[in-house]
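Before any comments, here is the structure.
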Amino acid sequence: MGVVIIIVVGVFSQLIVKCPDGFQPDHWTPPIKEKEPHKLSQAVDRNWKEMLREPIFYNMLIMLFFGAVLGMMAISQASNIAQTMLGMTPANAAIVVSVLALFNTCGRVAAGVVSDKIGCIRTLRVVFVAAAAAMGILYISGNGNTQLFYIGICMVGLCFGSFMGVYPSFTAAQFGSKNASVNYGIMFIGFNAAGLAGPMIVSKIFQQTKDYRDVFLIALIFAIIGLALSFAYNRIKSSQPQ
């Protein structure tokens, strides 16, 4: 996989040519779109230094962290959780991981479609509420209810994928599309931190309690914090000079 990634990303990316600024095909006129009320106003293009000077960036970064960490807490240990909490065989636990991956993929597509209809921040709000519900369901499923466990895991996959599906466009909508690739690369630090913290939190809790159920309660709290940050986003947004 490493060799393939080096070839595909490292070598073939050198063949990509930057599109000239303001380019339009000959004899083509862009269609006029009606402004939709949920859409953010046209963002001013900001480079990464300008982005880092804006308080709303840190709100978005921390919101991404809490959205990703609650998913990483379940995803990183999905097989072990299924075997320990519900007594599944390794083969059945592997199916859980596959189902989780499938819904993770579906969440990326579905969230993109939904965010086009209602906007990124509203979509994230719905996802945080769903994530809190998913963690509650997983906590209840600890009494041996396999059906509830599968429902909770599917919801976690959808929610985790949704963050990955929404945040690139969310970042571009806030800081402009011109420098979106660099800006989102920096925003992705929130996800990277979640990738480190999530498994560590799960491991620490399980070492102390020998039970995964407390993990879901903490993840539920993270979802509530993320939901609160989504409302704080609007307040920070409204206080910014237009």
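Quick caveat: nothing in here was measured; it's all calculated off a predicted structure. Nothing fancy with the numbering, it's 1 onward along the sequence.
Considering only heavy atoms from C-beta on, Glu54 stays 4.5 Å or farther from Asn59 through its side chain. Considering only heavy atoms from C-beta on, Phe103 stays 4.5 Å or farther from Val156 through its side chain. You'll find the side chain of Leu158 reaches within 4.5 Å of the side chain of Cys106, heavy atoms only. No side-chain heavy atom of Leu70 sits less than 4.5 Å from a side-chain heavy atom of Phe65. At least one side-chain heavy atom of Phe188 sits under 4.5 Å from a side-chain heavy atom of Met164. Contact annotation: the side chain of Ile201 approaches that of Phe222 to within less than 4.5 Å [non-hydrogen atoms, C-beta and beyond]. A heavy-atom distance below 4.5 Å is not found between the side chains of Asn145 and Ile140. Side-chain contact check for Leu138 versus Leu148: every heavy-atom pair is 4.5 Å or farther apart.
Residue Val126 is not grouped with residue Val109 when hydrophobic side chains (ILVMFWY) are merged at heavy-atom distances under 4.5 angstrom, including chains of intermediate members. With hydrophobic clusters built from ILVMFWY side chains whose heavy atoms lie under 4.5 angstrom apart, Tyr58 shares a cluster with Met187. Linking ILVMFWY residues whenever their side-chain heavy atoms come closer than 4.5 Å, directly or via other members, leaves Phe160 and Ile137 in distinct clusters.
Separation of atoms CD (Gln77) and CD1 (Ile205) is listed at 11.0 Å; rounding is to 0.5 Å. Met63 CE to Arg125 CZ: the interatomic distance, rounded to the nearest 0.5 Å, is 8.5 Å. One finds the CG atom of Leu61 at 8.5 Å from the CE atom of Met51 (value rounded to the nearest 0.5 Å). Of the inter-residue distances, the one linking Ile56 atom CD1 with Ser238 atom OG reads 9.0 Å to the nearest 0.5 angstrom. Taken from CD1 in Ile221 to CZ in Phe66, the straight-line distance is 10.5 Å, to the nearest 0.5 Å. Distance check, rounded to the nearest 0.5 Å: CG of Leu229 to CD1 of Ile121 gives 9.5 Å.
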Query raised in the report: Where do Phe216 and Met73 land on the side-chain contact (heavy atoms from CB on, under 4.5 Å) test, with the steps shown first?
Result: CA-CA 8 Å; Phe216 302 128; Met73 289 169 69; over 6 Å; no
Report task. Could you please spell out the steps behind the side-chain contact (heavy atoms from CB on, under 4.5 Å) verdict for Cys154 and Val99? Result -> CA-CA 7 Å; Cys154 291; Val99 170; 3.6 Å; yes
**Report entry** Worked verdict on Tyr167 versus Leu124 for side-chain contact (heavy atoms from CB on, under 4.5 Å)
**Finding:** CA-CA 9 Å; Tyr167 247 86; Leu124 291 174; 3.9 Å; yes
Requested in this report: Carefully, step by step, assess Phe175 and Met60 under the rule side-chain contact (heavy atoms from CB on, under 4.5 Å).
Outcome: CA-CA 11 Å; Phe175 303 109; Met60 294 171 64; 3.8 Å; yes
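Thr84 contributes no side-chain N or O that, together with a main-chain N or O of Ile81, makes up a donor-acceptor pair within less than 3.5 Å. Counting only distance, with no hydrogens or angles, the side chain of Thr89 and the backbone of Asn92 share a donor-acceptor pair below 3.5 Å. No donor-acceptor pair under 3.5 Å is formed between the side chain of Gln174 and the backbone N or O of Thr171. Counting only distance, with no hydrogens or angles, the side chain of Arg122 and the backbone of Ser115 share no donor-acceptor pair below 3.5 Å. Judged by distance alone, the side chain of Asn234 and the main-chain N or O of Ile236 form no donor-acceptor pair under 3.5 Å. Of the possible donor and acceptor atoms, none in the side chain of Asn179 sits under 3.5 Å from a partner among the backbone N and O of Asp45. Proximity of a side-chain donor or acceptor of Ser169 to a complementary backbone N or O of Val166 within less than 3.5 Å is detected.
Less than 6.0 angstrom separates the ring centroid of Phe163 from the ring centroid of Phe128. The six-membered or imidazole ring of Tyr233 lies near that of Phe170, with a centre-to-centre distance under 6.0 Å.
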Quiz: residues 6-24 side-chain donor-acceptor pairs under 3.5 angstrom, not counting sequence neighbours:
| from | atom 1 | to | atom 2 | distance (Å) |
| --- | --- | --- | --- | --- |
| Ser13 | OG | Val9 | O | 2.3 |
| Gln14 | NE2 | Gly10 | O | 3.3 |
| Lys18 | NZ | Asp21 | OD1 | 3.2 |

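Partners of Thr105 by side-chain contact (heavy atoms from CB on, under 4.5 Å), not counting sequence neighbours: none found.
For the ring pair (Phe, Tyr, Trp, His ring centres under 6.0 Å) with Tyr212, the lone residue among Tyr139, Phe149, Phe206 that qualifies is Phe206.
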